Structures are given as structure tokens and as C-alpha cells.
2 protein chains.
Amino acid sequence: MTLTNNTFIGEYTYSLDSKGRVNIPSKFRQTLSTDNQNTFVITRGLDSCLWVYPLVQWKEIEENLRKLSSLSSIHRAFVRNTARYATPSTYDKQGRINLTPSLISYASLKKDVLIIGMVNKMEIWDPIQLEKADKKIEKINPEEYDALSDRIIL
Amino acid sequence: MTLTNNTFIGEYTYSLDSKGRVNIPSKFRQTLSTDNQNTFVITRGLDSCLWVYPLVQWKEIEENLRKLSSLSSIHRAFVRNTARYATPSTYDKQGRINLTPSLISYASLKKDVLIIGMVNKMEIWDPIQLEKADKKIEKINPEEYDALSDRIIL
DNA sequence: TAAGATTGTGGGTAGTTGTGGGTAAAATTC
DNA sequence: GAATTTTACCCACAACTACCCACAATCTTA
């Protein structure tokens with residue numbers, strides 16, 4: 001059953017094979033095909049994980065990058081660092097995407113891989129890395145976390 | 001697989017051969033051929049790298065240069081430095097472009113060469129030069145960099 | 001519960017891509 | 001105008017990638 005367009009939620013475990021392929025949760029594939037879309041952009045996340053955007057989502061980011069000026073060195077660096085690691089990819093007939101060696105090593109991916117829905121994108125994690133990141137967050141800024149609670153009604 | 005017209009993202013490693021030829025990532029070639037275009041304009045980048053524009057993009061730059069006044073010495077210098085090093089080029093049947101000795105030496109290119117998609121253009125880098133440039137940016141204005149992160153939602 | 005459909009995982013193969021070098025045309029020099 | 005250098009075009013081949021098929025495990029449905 002499909003949720004709505006471009007909404008990713010849930011957690012799924014898959015295995016990365018010897019060719020660097022990972023399965024995409026079938027629910028996510030359905031979500032995407034409603035939009036006649038099987039193209040993603042995979043890139044480095046801000047934690048040690050990968051971010052996978054559906055093309056429409058990525059296009060929005062790109063539009064914002066286009067507005068930055070090549071005359072500013074900061075702007076150039078920002079565009080470069082954002083665009084540099086972005087890799088377009090489609091899923092194959094079996095529903096898998098290819099990860100480049102560079103992306104695999106960035107996220108320290110081994111055999112078992114966690115895919116997490118992040119509403120507008122998915123994250124690909126090594127289970128151990130995710131655990132580490134979780135523990136780190138627990139320690140710092142519980143106040144900031146609470147502040148978010150005010151902005152978002154659950 | 002093609003993204004859309006004139007969008008360049010990702011990082012690719014190629015080798016500069018003895019004749020001064022570098023491969024263009026096949027994804028970029030597809031992007032360009034959608035426009036029935038295999039003509040680039042290569043010029044000096046503002047960092048120590050080369051900028052490669054598809055012809056359409058370059059035409060836009062030219063239009064903007066036309067608007068600058070020759071009465072202003074700053075404007076004159078800007079137009080001169082932008083136009084001066086621009087070299088039109090096409091890729092051969094194998095998908096390679098020729099770099100002139102002048103361009104090669106400007107970017108300090110050796111054997112290994114990095115091509116980076118910058119959304120509206122590509123950059124050609126020597127890996128060591130890029131590393132240097134990265135470190136430089138880290139030092140100056142982290143606040144400005146963070147401000148950009150707020151403007152662009154990833 | 002059995003049969004059928006869907007999903008996840010592995011591997012083989014044909015086509016594409018990256019890199020080197022050869023040759024003929026064009027440009028440059030003497 | 002001949003000789004030499006430079007450039008553009010072509011071919012060859014190795015490495016890699018995308019696509020295809022197979023099959024086991026799981027879920028669905030009657």
C-alpha cells in the first residue's frame with residue numbers, strides 16, 4: 001500500500017552485495033513509481049550515513065545551488081561540496097541501487113545495511129555507526145531537543 | 001541515465017594522456033547530447049582549476065558580459081579576464097576533450113585528473129590542488145558557510 | 001493449508017566506457 | 001613548395017557496468 005507521494009517512513013534491513021548493490025524497500029519503490037520516477041540522487045549525509053533523494057527533491061536543492069554566485073569563494077565551496085558527492089542512480093529490475101566504493105567507504109558500510117525513511121529522503125546506515133551517532137546525541141543538548149518539542153506537536 | 005538538461009553533479013577520476021586529452025564523464029556527455037550539443041567552452045576557473053561550460057551556459061555569461069560598461073576600468077578588466085582564456089572545444093568520438101598546454105599549466109594538471117559536477121558547469125582539478133583549496137576554505141568564514149546551510153535545506 | 005504472487009539475493013553476459021596508439025589531413029616552418 | 005610539426009579522426013582492447021535470468025524466502029489469497 002502506498003502512503004503519499006515522496007514520503008519515506010520506517011526502518012528496513014538489507015544486505016550490500018559484492019557488486020555494491022542494496023535493495024530499496026518495496027514500499028519506497030511504490031511511493032516513487034507513482035511519480036513515474038525511478039531516479040535517485042545518493043550523496044554523503046551530514047552524519048556518517050548516506051542520503052538518498054528522489055529526483056524531485058534533489059532538483060529543489062539544485063535550484064537553490066544555481067542561485068549562488070561563482071564569484072564568491074564561499075559559495076563556490078558550498079556548491080562544490082554539495083554537488084561533488086552526489087551520484088545519480090536508478091534502481092534495477094529487482095529494485096536495487098548501486099553504491100560507489102567512495103560512498104560505501106564514507107558510510108563505513110559492511111554486509112548488513114539499515115535503510116531509514118526520513119520523510120523527504122532515505123538514509124542508509126551501517127548499524128554500528130547509527131548506534132554510535134545515537135549515543136552521541138543523547139549526551140549533548142537535551143535542552144535543544146526539548147525546544148523542538150515546542151515547534152512540533154506529536 | 002540522464003538527469004535533466006545541463007545538470008552536472010558527481011566526482012570522477014580520469015587520466016590526462018600525453019596528447020593533452022581528458023575524458024568527459026559519460027553521464028555528462030548524455031546530458032549535453034540532449035541539447036544536440038557537443039561544444040564546450042573551457043576557461044580558467046577562479047580557483048586553480050578549469051571551468052568547462054556547455055555552449056548554452058557560456059552564451060548566458062556572454063550576454064551578461066555585454067551589459068558591463070567599457071567606461072569602468074573594473075568592468076573592462078573583468079570582461080577581459082573572463083573572455084581572454086576561454087577556449088571553445090568539442091569532444092571526440094571517445095568522449096574526450098583537448099586541453100591546451102596553457103590551461104594544463106594553469107590548473108597544475110598532472111596524470112590524474114578530477115572532474116567535478118558544479119550543477120551548471122564542470123570543474124577540472126589536480127587532486128592535490130583541490131585538497132589545498134578545501135583546507136583554505138575551512139579556515140575562513142565558517143559563519144558565512146553555516147549561513148548558507150540555513151538558506152538551503154538539504 | 002496450498003497455490004500463487006511478491007520480494008530479496010546471487011551470478012552470468014552483452015554492451016558501454018576509458019585509455020592507448022596509428023594514420024591521414026592540416027598547419028607551420030624553412 | 002618541400003619538410004616538419006601539429007591536429008583531428010579512427011581503430012583496438014581491457015575493464016567495467018547495466019541488464020537479464022534464476023531461485024529461495026516471504027507474504028497473500030482463496
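Predicted, not measured: the structure shown is a model, and the values here were computed from it. Computation of the quantities below employed the complete heavy-atom set of this structure, encompassing side-chain atoms and omitting hydrogens, waters and symmetry-equivalent molecules.
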Side chains of B:Lys132 and B:Ser48 only: does a donor on one sit below 3.5 Å from an acceptor on the other? no
Given B:Phe40, which partner from the list B:Tyr53, B:Phe28, B:Tyr91 fulfils the ring-ring contact (aromatic ring centres under 6.0 Å, His included) test? B:Tyr91
Between B:Lys110 and B:Ser108, is there a donor-acceptor pair closer than 3.5 Å when you use the side chain of the first and the backbone of the second? yes
Distance-only donor-acceptor test, A:Arg21 side-chain atoms vs C:dG8 base atoms, 3.5 Å: no
Given atom CD of B:Gln94 and atom C1' of D:dC10, what is their separation to the nearest angstrom? 7 Å
From CZ of B:Arg29 over to C1' of C:dT16, roughly how many Å is that when rounded to an integer? 9 Å
Atom-to-atom span, OH of B:Tyr91 to C1' of D:dC10 - whole angstrom: 17 Å
Integer-rounded Å distance: D:dC19 C1' and A:Asn98 CG: 11 Å
Output the distance between atom OG (B:Ser15) and atom CG (B:Asp112), rounded to the nearest 0.5 Å. 7.0 Å
To the nearest Å, give me how far apart NZ (B:Lys19) and C1' (C:dG20) are. 8 Å
Look at all strands and tell whether B:Ser15 reaches a base, only sugar-phosphate, or nothing, counting heavy atoms closer than 4.0 Å. sugar-phosphate
Could you give the NZ-to-C1' distance, from B:Lys93 to D:dA8, as a whole number of Å? 13 Å
Round to the nearest Å and state the distance from B:Asp92 atom CG to C:dG22 atom C1'. 14 Å
Nearest whole angstrom, please: distance from the C1' of D:dT17 to the NZ of B:Lys27. 10 Å
